[in-house]
J.: 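Before we start, here is the structure in question, set down as structure tokens.
Side chains are part of it too, since the values below use all heavy atoms of this structure and drop only hydrogens, waters and symmetry mates.
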Amino acid sequence: MMPAARESLLDAACAALARRPWSAVRMVDVAAAAGVSRQTLYNEFGSKDGLARALVRREADGYLAGVDRALTGPADARERLTATAEWTISAARGNALVRAVLTGCWSERLPAPALTPVRSGSAVPAQRRADGPLPSPTDFVALVRDRAVAVLAGSGTPRADALDLARSCELVVRLALSCVAAPPVEGGVADLVRSVLHRQPVP
């Protein structure tokens, strides 16, 4: 199957999930909405759980792609980290699956596949990846921190400075995730991040 067709099936599953709980989403309806046969859907994802894993993997990848865009935006390192925190809040607010993967809080409406890998007999590379380990909230902290350090640290950055930068980046990520769980009353995450970074070593 072409990647575009796989995306169409995932889009159809997301649209179905917006209307009803995952337990009530039927594979036959997802296939019909995407204009393919139910067998084609099963060939691509293997099972409903495989479809759920693929959905979670896609939303996780989409969130991390947004992190990469935020980190390559403004020239100032503090503003890049602020943009990353703002993206985290925005992505979680606009997408229930992103919020769930970032916080580990899965509502009964959502699919909640195990984060551990499952045995995959799929011939589809994208599905074999989805059947592998899915990121936990702790994984996301490390992934975003390491992406930020890779972008913001120069090749000649001394080890001590790199460690300070990593701590500052992790602090921003954890602050953003806390704001996902308990949104700030006023000022927003940007003010919180800027006030924290004002006292942190950032290049």
Side-chain angles (χ1 to χ4, degrees), residues 7 10-11 14 17-18 55-113 115 129-130 132-203:
E7 286 299 305
L10 290 171
D11 287 343
C14 272
L17 181 58
L55 269 177
V56 170
R57 171 54 66 186
R58 183 176 77 161
E59 300 314 309
D61 289 348
Y63 164 71
L64 291 172
V67 167
D68 291 338
R69 288 192 298 272
L71 287 170
T72 55
D76 181 76
R78 287 179 172 83
E79 289 305 310
R80 291 186 188 195
L81 288 173
T82 300
T84 301
E86 290 181 313
W87 161 248
T88 296
I89 300 296
S90 172
R93 190 174 291 153
N95 187 314
L97 275 175
V98 170
R99 182 183 179 89
V101 297
L102 289 178
T103 63
C105 299
W106 297 82
S107 79
E108 292 180 358
R109 288 188 55 84
L110 297 175
L115 299 181
R129 180 166 179 262
L134 296 172
S136 69
T138 301
D139 294 331
F140 276 110
V141 171
L143 286 166
V144 177
R145 178 201 63 210
D146 293 348
R147 277 168 152 79
V149 171
V151 170
L152 300 177
S155 56
T157 302
R159 177 173 171 76
D161 290 348
L163 289 173
D164 285 342
L165 175 61
R167 280 191 286 269
S168 295
C169 292
E170 180 163 337
L171 183 60
V172 168
V173 178
R174 291 187 179 279
L175 179 59
L177 292 180
S178 74
C179 289
V180 168
V185 176
E186 51 185 71
V189 68
D191 285 352
L192 286 174
V193 170
R194 289 186 183 111
S195 67
V196 167
L197 290 179
H198 183 68
R199 298 186 291 272
Q200 294 294 316
V202 178

J.: Considering residues at least two apart in sequence or located in another chain, which fulfil the salt bridge (charged side-chain N to carboxylate O under 4.0 Å, His left out) criterion with Arg99?
T.: none

J.: Is it true that, when you exclude Arg109 itself, more than 12 heavy atoms of the residues, nucleotides or ligands shown sit nearer than 6.0 Å to its CZ?
T.: yes

J.: Within the distance-only criterion (no hydrogens, no angle test), does the side chain of Asp68 pair as donor or acceptor with the backbone N or O of Ala65 below 3.5 angstrom?
T.: no

J.: Which atom pairs, one a donor and one an acceptor, fall under 3.5 Å between side chains of residues 172-180 and the rest of the protein, sequence neighbours left out?
T.:
residue, atom, partner, partner atom, Å
Arg174, NE, Glu170, OE2, 2.9
Arg174, NH2, Glu170, OE2, 3.2
Ser178, OG, Leu175, O, 2.7

J.: Taking side chain as C-beta onward, heavy atoms only, is Pro111 less than 4.5 Å from Leu17?
T.: yes

J.: With sequence neighbours excluded, what pairs up with Thr103 under the side chain to side chain donor-acceptor pair (under 3.5 Å) test?
T.: none

J.: Looking only at non-hydrogen atoms, find the nearest pair between Leu110 and Ala96 and report the distance.
T.: CD1-O, 3.7 Å

J.: Going by the side chain to side chain contact (heavy atoms under 4.5 Å, CB included) test, name the single residue among Leu102, Val101, Asn95 that passes it with Glu59.
T.: Asn95

J.: Search all heavy atoms of Pro135 against all heavy atoms of Leu115 and return the closest pair with its distance.
T.: O-CD2, 3.9 Å

J.: Any chance you could measure Leu152, atom CG, to Ser168, atom OG, to the nearest 0.5 Å?
T.: 10.0 Å

J.: With sequence neighbours left out, write down each residue that passes salt bridge (charged side-chain N to carboxylate O under 4.0 Å, His left out) with Asp146, or none if nothing qualifies.
T.: none

J.: Taking all heavy atoms of Ala148 and all of Cys169, pick out the closest pair and write down the distance.
T.: CB-SG, 3.6 Å

J.: Please round to the nearest 0.5 Å and tell me the distance separating atom CG of Leu64 and atom CZ of Arg69.
T.: 10.5 Å

J.: Taking all heavy atoms of Thr84 and all of Val144, pick out the closest pair and write down the distance.
T.: CG2-CG1, 3.9 Å

J.: Can you list the residues that meet the salt bridge (charged side-chain N to carboxylate O under 4.0 Å, His left out) rule with Arg57, with sequence neighbours excluded?
T.: Asp61

J.: Check side chain to side chain donor-acceptor pair (under 3.5 Å) between Arg80 and all other residues, then give those that pass, not counting sequence neighbours.
T.: none

J.: Atom CZ of Arg145 and atom CG of Leu171: how far apart are they, to the nearest 0.5 Å?
T.: 12.5 Å

J.: Nearest 0.5 Å, what's the CZ-CG distance between Arg129 and Leu134?
T.: 9.5 Å

J.: Does the Trp87 side chain pair with the main chain of Tyr63, one donor and one acceptor, at a distance under 3.5 Å?
T.: yes

J.: Using side-chain contact (heavy atoms from CB on, under 4.5 Å), reason through Arg147 and Val151 one step at a time and then give a plain yes or no.
T.: CA-CA 6 Å; Arg147 277 168 152 79; Val151 170; 5.7 Å; no

